[in-house]
Amino acid sequence: MGCTNGLVNVQGKQPLFSFGVISDVQYADIPSGQSFLGVPRYYRHSLLVLQRAVQKWNNLQKLKFVVNFGDIVDGFCPKDQSLNAVEKIVDEFKNFKGPTYHMIGNHCLYNLPRKKLLPLLNIPSFEGRAYYDFCPTPTYRFVVLDGYDISAIGWPSDHPNTLEALKFLKKKNPNLDKNSPIGLVGLERRFLMFNGAVGKEQMKWLDCVLEDATRLKQKVVVCCHLPLDPGTSSPEALLWNYDEVMVVIHKYNCVKVCISGHDHKGGHSIDSHWIHHHVLEAALECPPGSDAFGYMDVYDDRLTLSGTDRMESIDMIFKP
């Protein structure tokens, strides 16, 4: 196992709780390849990364849960193997001695439709939507967003959310290939088919959840496969309506950190309201023998990420 870029407990304090993190495993039983940009991808090795992560998380004997930030199986996985591949990765997560909270990514939806995927990931679902929240302690709430709520992938072809997404892409992206950013400038480059948006109902739900968290004096960690801040990712990886989501989040002071995957190189930023935005490095792009996973220690005034190998460690201190 790669060495851990460990950070000692803050001033000797014990964390309120700790949890494991990993993103973009994108397993497939196919030879290694590369992205469209030529970045190497190790489809079989990512399974070993996850296995080492679970072993490490269990050995720590202090993690309350694990959060998987989406894309557990790659889009290049042969479709006749999709179900078995998803089940295989889910079973690896089940080896962790505690609950795992999943969220969906685009590669998940390339493999299975929502109606099959969500039960496998044990995601609480109403009419196919995949957003939910949970409170590991009375003082903290985690909000998991469905970044593919409005999307051209995952829903039936005649579903209103699919039709809304296709209409949106036709308006925003003039290319025949809607996954191509050619001709799009700056932040417009996010208007690609492999991204998506938070819908109106989910936005109302988010507003209500944050209002409730404020009333209960809870600190909130927002989790979404797609990044929510341009400072932490390339434009091509952003949620279509990240700006609208952040308007809701910025109405309140309870959100302290937003964590994402999707942009495999990772990244970090602090926005105008002192909210930390952190993108996790992808397990998929670990060469054999290397790793990308970690765990977070949660305190009253910060989240401390201890990353393993290719996953950077960082101390995310909240604004006083």
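This is a predicted model, so every value here is computed, not measured. Counting from 1, the numbers follow the sequence of the chain as shown. Atom set for the values below is all heavy atoms of this structure, side chains included, hydrogens, waters and symmetry mates excluded.
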Original post:
Is there a donor-acceptor contact under 3.5 Å linking the side chains of R41 and Q34?
Top reply: no
Original post:
Between N175 and I182, is there a donor-acceptor pair closer than 3.5 Å when you use the side chain of the first and the backbone of the second?
Top reply: yes
Subject >> E285/H264 under side chain to side chain contact (heavy atoms under 4.5 Å, CB included): CA gap, chis, key distance, verdict >> reply: CA-CA 8 Å; E285 293 181 2; H264 292 182; 2.8 Å; yes
Original post:
Under a 4.5 Å side-chain heavy-atom rule over Ile, Leu, Val, Met, Phe, Trp and Tyr, are V221 and F17 clustered together?
Top reply: yes
**OP:** Start with the C-alpha gap between L83 and L120, add the side-chain angles, then the distance that decides, and say whether side chain to side chain contact (heavy atoms under 4.5 Å, CB included) holds.
**Re:** CA-CA 9 Å; L83 179 59; L120 289 171; 3.6 Å; yes
Original post:
Would you say the side-chain atoms of D271 pair up with the backbone N or O of W274, donor to acceptor, closer than 3.5 Å?
Top reply: yes
Subject >> Short side-chain donor-acceptor distance under 3.5 Å, H276 and H268 >> reply: yes
Original post:
Do NZ/NE/NH1/NH2 and the carboxylate oxygens of R310 and E281 come within less than 4.0 Å?
Top reply: no
**OP:** Please answer whether the main-chain N or O of P15 pairs with a side-chain N or O of D300 as donor and acceptor at a distance below 3.5 Å.
**Re:** no
Original post:
Between Y295 and F19, is the ring centre distance below 6.0 Å?
Top reply: no
Original post:
Can you tell if the side chain of I104 reaches within under 4.5 Å of the side chain of H225, non-hydrogen atoms only?
Top reply: no
Original post:
Can any side-chain N or O of R189 pair as donor or acceptor with the backbone N or O of L184 at less than 3.5 Å?
Top reply: yes
**OP:** For W57 and G294, indicate whether the former's side chain and the latter's backbone hold a donor-acceptor pair under 3.5 Å.
**Re:** yes
**OP:** Please check if any side-chain donor atom of Y148 sits under 3.5 Å from a side-chain acceptor atom of N161, or the reverse.
**Re:** no
Original post:
Is it the case that one hydrophobic cluster holds both L145 and V220, taking links as side-chain heavy atoms less than 4.5 Å apart, direct or via other members?
Top reply: yes
Subject >> same_hphob_cluster(Y42, V49) at 4.5 Å side-chain heavy-atom cutoff >> reply: no
Subject >> Aromatic ring pairing W205/Y131, orientation class (parallel under 30°, perpendicular over 60°, tilted between) >> reply: tilted
**OP:** Establish whether L216 and V143 are linked, either directly or via other cluster members, by ILVMFWY side-chain heavy-atom contacts under 4.5 Å.
**Re:** no
**OP:** Report yes if the distance between the aromatic ring centroids of Y110 and F194 is under 6.0 Å, otherwise no.
**Re:** no
**OP:** State, without any angle test, whether H102 and N122 hold a side-chain donor-acceptor pair at a distance under 3.5 Å.
**Re:** no
Original post:
Is the side chain of H250 donor-acceptor paired with the backbone N or O of M246 at a distance under 3.5 Å, no angle test?
Top reply: yes
**OP:** Please check if the distance between the ring centroids of F96 and F65 is under 6.0 Å.
**Re:** no
Original post:
Salt bridge check: are R114 and D146 linked by an N-O gap of less than 4.0 Å?
Top reply: yes
**OP:** Could you tell me whether the side chain of T232 and the main chain of G267 form a donor-acceptor pair under 3.5 Å?
**Re:** yes
Original post:
Do I314 and E312 touch side chain to side chain, with heavy atoms closer than 4.5 Å?
Top reply: no
Subject >> Any side-chain donor near an acceptor of the partner, D291 and T308, under 3.5 Å >> reply: no
**OP:** Find out whether D24 and F69 are in side-chain contact, i.e. whether some heavy atom of one side chain is under 4.5 Å from a heavy atom of the other.
**Re:** no
**OP:** Supply the atom-to-atom distance D309 CG to R52 CZ, rounded to the nearest 0.5 angstrom.
**Re:** 8.5 Å
Original post:
Which one of L239, N106, L280, L238 satisfies the side chain to side chain contact (heavy atoms under 4.5 Å, CB included) criterion with H262?
Top reply: N106
Original post:
Salt bridge between E201 and K204, side-chain N to carboxylate O under 4.0 Å?
Top reply: yes
Original post:
Between the side chains of T304 and D297, is a donor N or O closer than 3.5 angstrom to an acceptor N or O?
Top reply: no
**OP:** Using atom types as modelled and distance alone, determine if a side-chain donor or acceptor of N241 lies under 3.5 Å from a backbone N or O of V198.
**Re:** yes
Original post:
Quick one: do D212 and R215 make a salt bridge, cutoff under 4.0 Å?
Top reply: yes
Original post:
Is the centre of the F168 ring less than 6.0 Å from the centre of the W240 ring?
Top reply: yes
Original post:
If we only count heavy atoms from C-beta on, is the I22 to F93 side-chain gap below 4.5 Å?
Top reply: yes
**OP:** Would you confirm whether the ring centroid of Y27 sits within less than 6.0 angstrom of the ring centroid of Y43?
**Re:** no
Original post:
Side-chain contact, heavy-atom cut-off 4.5 Å: P181 with F191?
Top reply: no
Original post:
Can you check whether Y299's main-chain N or O pairs, donor with acceptor, with Y140's side chain at less than 3.5 Å?
Top reply: yes
Subject >> Under 3.5 Å donor-acceptor, N58 side chain and K97 backbone >> reply: yes
Original post:
Is there side-chain contact between L303 and F318, with at least one heavy-atom pair below 4.5 Å?
Top reply: yes
Original post:
Within a strict 4.5 Å, meaning less than it, do heavy atoms of the P78 and I30 side chains meet?
Top reply: yes
Subject >> Single-linkage hydrophobic cluster, 4.5 Å side-chain cutoff, L121 and L284 together >> reply: no
Original post:
Can you check whether V257 reaches K219 side chain to side chain, under 4.5 Å on heavy atoms?
Top reply: no
Subject >> Note: R129-D149 ion pair, threshold 4.0 Å (strictly below) >> reply: yes
